[in-house]
S.K.: 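Attaching a single structure in structure tokens format; questions to follow.
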Amino acid sequence: MTEYYIGLMTGTSVDALDAVLVQFDSDDTPIIHGTYSIALPEHIQQQVQQLTSSGEGEIALIRQADLDIALISCKAIKALCQQTGISLSTIKAIGSHGQTVRHYPTTKSVKGYSLQLGDPNIIAEMTGITTVADFRRRDIAAGGQGAPLVPAFHRAAFQSKQDDRLIVNLGGIANISYLPKNGEIIGYDTGPANTLMDAWCLKHQHQHFDKDGDWAKTGHCHNELLKTLIKDSYFSSPAPKSTGREYFNLAWLEQHLDQLKTTPSTADIQATLLALTAKTIAQDIDKVDPHKNATIYACGGGSQNKALMEKLADHVAPRDLATTAKIGIEVSWVEATAFAWLAKQTMNRASGNLPSATGAKNDVILGGVYFA
Ligand SMILES: Nc1ncnc2c1ncn2[C@@H]1O[C@H](COP(=O)(O)OP(=O)(O)O)[C@@H](O)[C@H]1O
Ligand SMILES: [Mg+2]
């Protein structure tokens, strides 16, 4: 009997809830039957924005966001089933990532903490489908960062015996998964992909993102600013590592701007942020693939930013830069498919983390299961 799974993802960009309905064949190749994306309404975006740092009334705010994100998740699940004609009762499980509102990676002295909202109790109750959620904290309990979790799925879906591949996910934060044809997988967060560009664009252009990088293209990279940004210790610190909007945000950018002798134009700053994303990713690609053998496959919303993709292609040459569409999954659906796969792993009592990526001591079965 076909086992269908639904994967739900809402990432650090806080732009939309992405949902896929998928089955996996015996070697884990995903067969996607339907996709659905629903823009997060302004009030949820504001709740999440507010919850990214501590403030008064946090618990009340968490309670509301936990409910609102669960309700929008149910809406997406129902729409997806309606659209594909696959009934809710035949779905084996939902893998719901939830919306991260805090991600404190484990450091030498402090155990990490990662909190996602979108109450799985409500999702299971309202849809009648077993729901797997809270994927990150078991990995943290096992000594890992709880992130990135997608490299295990990248390995399952994209690793090839014929060639070295490298997946780069351009979400709010960028993460890479190096998938050599032989040898160990390396995966970690390289730093910001879109989050700083989005925040700067919202502040100065009143747009949630810089479509195709057109605004950035009107400016010039400010070399002094790029140099100071790139000196941040995150970029040179060794993996395993993960990060989020708690670290890379406008306050981080403004601290660096204050150190400059000159004031770049807002467009030049946007161009510099784009350069920072491309440069830091390329730097890490060179670290994990020093012989420049791998083909690079991008996914996530940033792979639709033409200016960013052009700059990244320049930096990673002579390697080819393509998108994951070429190896089976359209760029917008990789992450949601990853959480469907992680739900499948959990339902099969199989591990979902990749210790070489998260730094966990061992493999663990991820998530809590809320049975139908
Ligand atoms: N046409 C485009 N031009 C530039 N950037 C884009 C475009 N489409 C999407 N994006 C970027 O992708 C982001 C969403 O990417 P996504 O993969 O959903 O990230 P996340 O997983 O963090 O939610 C948007 O916030 C925006 O920055
Ligand atoms: Mg998104």
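Side-chain atoms are counted along with the backbone in the values below, which use heavy atoms only and exclude waters and symmetry mates. Start at 1 and go down the list; that is how both ligands and their atoms are numbered.
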S.K.: Could you point out which residue of Phe339, Trp341, Phe153 forms a ring pair (Phe, Tyr, Trp, His ring centres under 6.0 Å) with His97?
M.R.: Phe339
S.K.: Look at atom 25 (O) of ligand 1 and find which of Asp198, Asn194, Leu308 reaches it with the closest heavy atom.
M.R.: Asp198
S.K.: Can you list the ligand 1 atoms lying under 4.0 Å from a non-hydrogen atom of Gly172?
M.R.: 19 (O), 20 (P), 22 (O)
S.K.: Please check this pair: side chain of Thr12 against backbone of Ile173, looking for a donor-acceptor N/O pair closer than 3.5 Å.
M.R.: yes
S.K.: Just one of Ile62, Leu117, Leu61, Thr52 clears the side chain to side chain contact (heavy atoms under 4.5 Å, CB included) bar with Gln47, so which one?
M.R.: Leu61
S.K.: Tell me whether Ile123 is reachable from Ile44 by hopping between hydrophobic residues (I, L, V, M, F, W, Y) whose side-chain heavy atoms are closer than 4.5 Å.
M.R.: yes
S.K.: What do we get for Thr12 next to ligand 1 when only non-hydrogen atoms under 4.0 Å count, side chain, backbone, both or neither?
M.R.: both
S.K.: Geometry only, no angles: is Met9 polar-contacting ligand 1 at N/O separations under 3.5 Å?
M.R.: no
S.K.: What orientation do Trp252 and Tyr247 show, parallel under 30°, tilted 30 to 60°, or perpendicular over 60°?
M.R.: tilted
S.K.: Taking atom NZ of Lys92 and atom OG1 of Thr130, what is their separation to the nearest 0.5 Å?
M.R.: 8.5 Å
S.K.: Output the list of atoms in ligand 1 that are nearer than 4.0 Å to some heavy atom of Gly300, sorted by atom number.
M.R.: 17 (O)
S.K.: Could you say whether the N/O atoms of Ser13 and ligand 1 ever approach to under 3.5 Å?
M.R.: yes
S.K.: Return the closest protein heavy atom for atom 21 (O) of ligand 1 as residue, atom name and distance.
M.R.: Gly11 CA, 3.5 Å
S.K.: Look at atom 7 (C) of ligand 1 and say which protein heavy atom is nearest, naming residue and atom and giving the distance to 0.1 Å.
M.R.: Phe209 CE1, 3.3 Å
S.K.: Could you tell me whether Lys311 and Asp314 make a salt bridge, using a distance below 4.0 angstrom between a side-chain N and a carboxylate O?
M.R.: no
S.K.: With a heavy-atom distance limit of 4.0 Å, tell me whether Asp210 approaches ligand 1 through its side chain, its backbone, both, or neither.
M.R.: backbone
S.K.: Among the N/O/S atoms of Asp15, select the one at the shortest distance from the Mg ion (ligand 2) and name it.
M.R.: OD1
S.K.: Nearest heavy atom to atom 10 (N) of ligand 1: which of Gly213, Ala193, Gly301 does it belong to?
M.R.: Gly301
S.K.: Is the closest N or O pair between Asp212 and ligand 1 shorter than 3.5 Å?
M.R.: yes
S.K.: Donor-acceptor pair, Gln99 side chain versus Gln45 backbone, under 3.5 Å?
M.R.: no
S.K.: Can you tell me the protein heavy atom closest to atom 23 (O) of ligand 1 and the distance?
M.R.: Asp15 OD1, 3.0 Å
S.K.: At their closest point, which heavy atom of Tyr178 faces which heavy atom of Val288, and how far apart are they?
M.R.: CE2-O, 3.4 Å
